[in-house]
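Order of the sequence lines fixes the chain letters, A, B, ..., with proteins taken first and strands second; residue numbering starts at 1 for each chain.
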2 protein chains.
Amino acid sequence: MSSLEQQSWQSVHDEVLRRIHTREWKPGDLIPKEVELAEQLGCARATVNRALRELASEGFLDRRRKAGTRVAAHPVRRAKLDIPVIRLEIEGRGQKYAYGLLFSERRTPPPEICANLGVTAESDMLHITSLHLADGKPFMFEDRWVSIAATPTILDADLDKISANEWLVLHAPYTRGDIYFSAVNASETEAKVLRTDPGTSLFLMERTTWENNTGITSARLLFAPGYRKHSAI
Amino acid sequence: MSSLEQQSWQSVHDEVLRRIHTREWKPGDLIPKEVELAEQLGCARATVNRALRELASEGFLDRRRKAGTRVAAHPVRRAKLDIPVIRLEIEGRGQKYAYGLLFSERRTPPPEICANLGVTAESDMLHITSLHLADGKPFMFEDRWVSIAATPTILDADLDKISANEWLVLHAPYTRGDIYFSAVNASETEAKVLRTDPGTSLFLMERTTWENNTGITSARLLFAPGYRKHSAI
DNA sequence: AGAAATATTATGTACGTACATATTATCTTT
DNA sequence: AAAGATAATATGTACGTACATAATATTTCT
């Protein structure tokens with residue numbers, strides 16, 4: 001509002017957000033163009049541009065060349081979800097992390113894994129199941145398939161010492177990934193591993209990652225009862 | 001790598017990411033400073049700055065003034081989760097949206113809501129339960145508390161026509177919010193509303209929002225069996 | 001030697017200019 | 001009037017310069 005001296009892109013960001021919040025600019029409204037705002041607020045267009053770009057990426061504004069900038073008609077909130085290595089997630093809660101490899105086998109994948117990763121049924125893959133513990137209690141059950149063609153060095157990794165989860169993050173960065181969150185009833189075996197009862201509701205995270213259209217790994221992460229994933233917005 | 005003519009911040013972004021992916025720069029490594037990179041890649045420092053800033057916000061780099069820029073030692077993936085209005089989520093799937101108000105009452109909140117929103121037990125609040133349907137089938141059961149002090153105009157809203165979910169997004173923008181994702185077993189009443197069996201595993205989203213430390217609303221969104229929340233990464 | 005003051009440095013940001021690009025608006029042609 | 005070509009325009013981005021800021025490194029003081 002006051003066009004005093006130095007303006008930072010943060011202050012422009014906050015001022016625009018204030019006008020949206022107070023409904024001075026309503027959803028769907030066309031807001032002044034960058035040059036006008038810069039003049040109003042007493043700063044350079046680059047500064048306004050940075051602020052508006054930020055607000056657009058946060059979902060508050062819709063911007064299009066020539067058409068101008070509008071307040072988002074249907075504000076879509078973009079939650080930022082941190083997906084850290086499981087060890088760090090557990091240690092971040094102040095709990096002691098432990099890990100146990102349950103099973104590891106080199107074989108060809110079942111149909112659903114082929115479909116997920118886009119590989120053939122004859123692919124050379126590593127199938128690993130493991131359990132992550134927090135303060136000695138089962139925390140997460142990991143069932144993972146890794147393409148050996150995409151990451152041959154995983155055969156040298158000592159998966160008794162370091163989890164596939166962590167090894168992959170450090171040695172096989174990916175370019176693209178998918179995550180699905182859902183809820184499932186524990187099967188007999190899942191319940192046994194996680195020391196709970198069959199039928200208990202469990203939080204499931206399914207992750208698939210690619211490096212330039214080459215499927216790397218597909219994992220099914222099943223969390224112990226009571227797990228909650230948090231996100232600020 | 002080739003320091004030819006025009007360079008865009010995107011190309012710098014991709015080149016740096018390539019060096020991280022190929023482990024030319026390993027986790028923890030200090031990378032060249034902005035001026036050096038700009039020289040190497042044949043562009044202005046501002047361009048390098050934009051690219052590195054982006055990579056830092058994506059979690060690939062850690063940057064500190066004077067200390068320089070390092071490849072993130074523990075890559076934390078930041079998934080971006082879109083939280084649209086339920087109506088749009090359903091329509092986006094190509095299904096027909098419908099909505100029914102189950103219950104609406106003006107009363108004082110129970111202790112857990114007070115704790116969530118940071119309000120007193122004598123607060124004037126609106127308690128609303130409703131059902132969102134996709135193609136005529138129950139999709140999501142919403143149990144919501146709204147602070148009347150924070151948003152008095154909600155008393156004028158016709159909550160038979162527009163859901164509280166959608167009304168609040170359009171009329172009560174918030175500055176801060178929390179989301180928790182988890183899995184729960186359906187209770188008797190929840191199962192009845194969502195037309196499933198008690199004990200079925202359900203995906204739960206708990207949202208609380210504030211406007212400058214004033215609690216606005218706290219909602220419990222319970223999704224029908226089979227629901228999966230997707231996120232690209 | 002240890003503490004405090006000072007210099008150094010890499011990132012952070014602001015500004016003005018210039019040009020690119022996507023889209024809309026306008027004008028021409030048929 | 002419909003279709004196609006052309007002009008106009010708001011955002012997108014690149015660059016160079018200048019200065020701010022935070023953190024580290026160095027020097028000075030006790």
**Prompt:** For residues B:Arg87 and B:Asn165, is any side-chain donor paired with an opposing acceptor at under 3.5 Å?
**Reply:** no
**Message:** Looking at A:Glu206 and B:Arg228, is any side-chain nitrogen of the basic one under 4.0 Å from a carboxylate oxygen of the acidic one?
**Reply:** yes
**Prompt:** Does a salt bridge link B:Glu34 with B:Arg63, judged by any charged N lying under 4.0 Å from a carboxylate O?
**Reply:** yes
Rounded distance in Å - [atom1] ([X]) to [atom2] ([N]):
| X | N | atom1 | atom2 | result |
| --- | --- | --- | --- | --- |
| B:Glu39 | D:dC15 | CD | P | 14 Å |
| B:Gln10 | C:dA20 | CD | P | 18 Å |
| B:His13 | D:dA14 | NE2 | P | 13 Å |
| A:Arg50 | C:dG16 | CZ | P | 17 Å |
| B:Glu36 | C:dT9 | CD | P | 13 Å |
| B:Trp9 | D:dC15 | CH2 | P | 14 Å |

Return no unless some side-chain N or O of [X] is found under 4.0 Å from OP1 or OP2 of [N].
| X | N | value |
| --- | --- | --- |
| B:Arg45 | D:dC15 | no |
| A:Thr47 | C:dT13 | no |
| B:Asn49 | C:dT13 | no |

**Asked** Among the nucleotides C:dC15, C:dT11, D:dA10, which one has an atom lying closest to any side-chain atom of B:Glu34?
**Response** C:dT11
**Request:** Consider the side chain of B:Ser8, meaning its heavy atoms from C-beta on, and name the nucleotide among C:dC15, D:dA14, D:dG16 that approaches it most closely.
**Result:**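 Nearest nucleotide to the side chain: D:dA14.
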**Asked** Using the ring of each side chain (for Trp, its six-membered ring), is B:Phe60 parallel, tilted or perpendicular to B:His21, with breaks at 30° and 60°?
**Response**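 B:Phe60 and B:His21: perpendicular rings.
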**Asked** Partners of A:Phe141 by ring pair (Phe, Tyr, Trp, His ring centres under 6.0 Å), sequence neighbours excluded?
**Response** none
**Prompt:** Side chain of B:Ser231, backbone of B:Ala79: donor and acceptor closer than 3.5 Å?
**Reply:**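 No; judged by distance alone, with no hydrogens or angles, the pair does not exist.
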**Message:** Centre-to-centre under 6.0 Å for A:His132 and A:Tyr99, is that the case here?
**Reply:** yes
**Request:** Strictly below 4.0 Å, heavy-atom distances to any atom of DNA chain D: list the hits from residues 62-70 of chain A, or just say none.
**Result:** A:Arg63, A:Arg64, A:Arg65, A:Lys66, A:Gly68, A:Thr69
**Item:** Which residue lies more 5' along DNA chain C, comparing B:Arg53 with B:Lys33 via nearest heavy atoms
**Value:**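 Going by which nucleotide is closer to the 5' end, it is B:Lys33.
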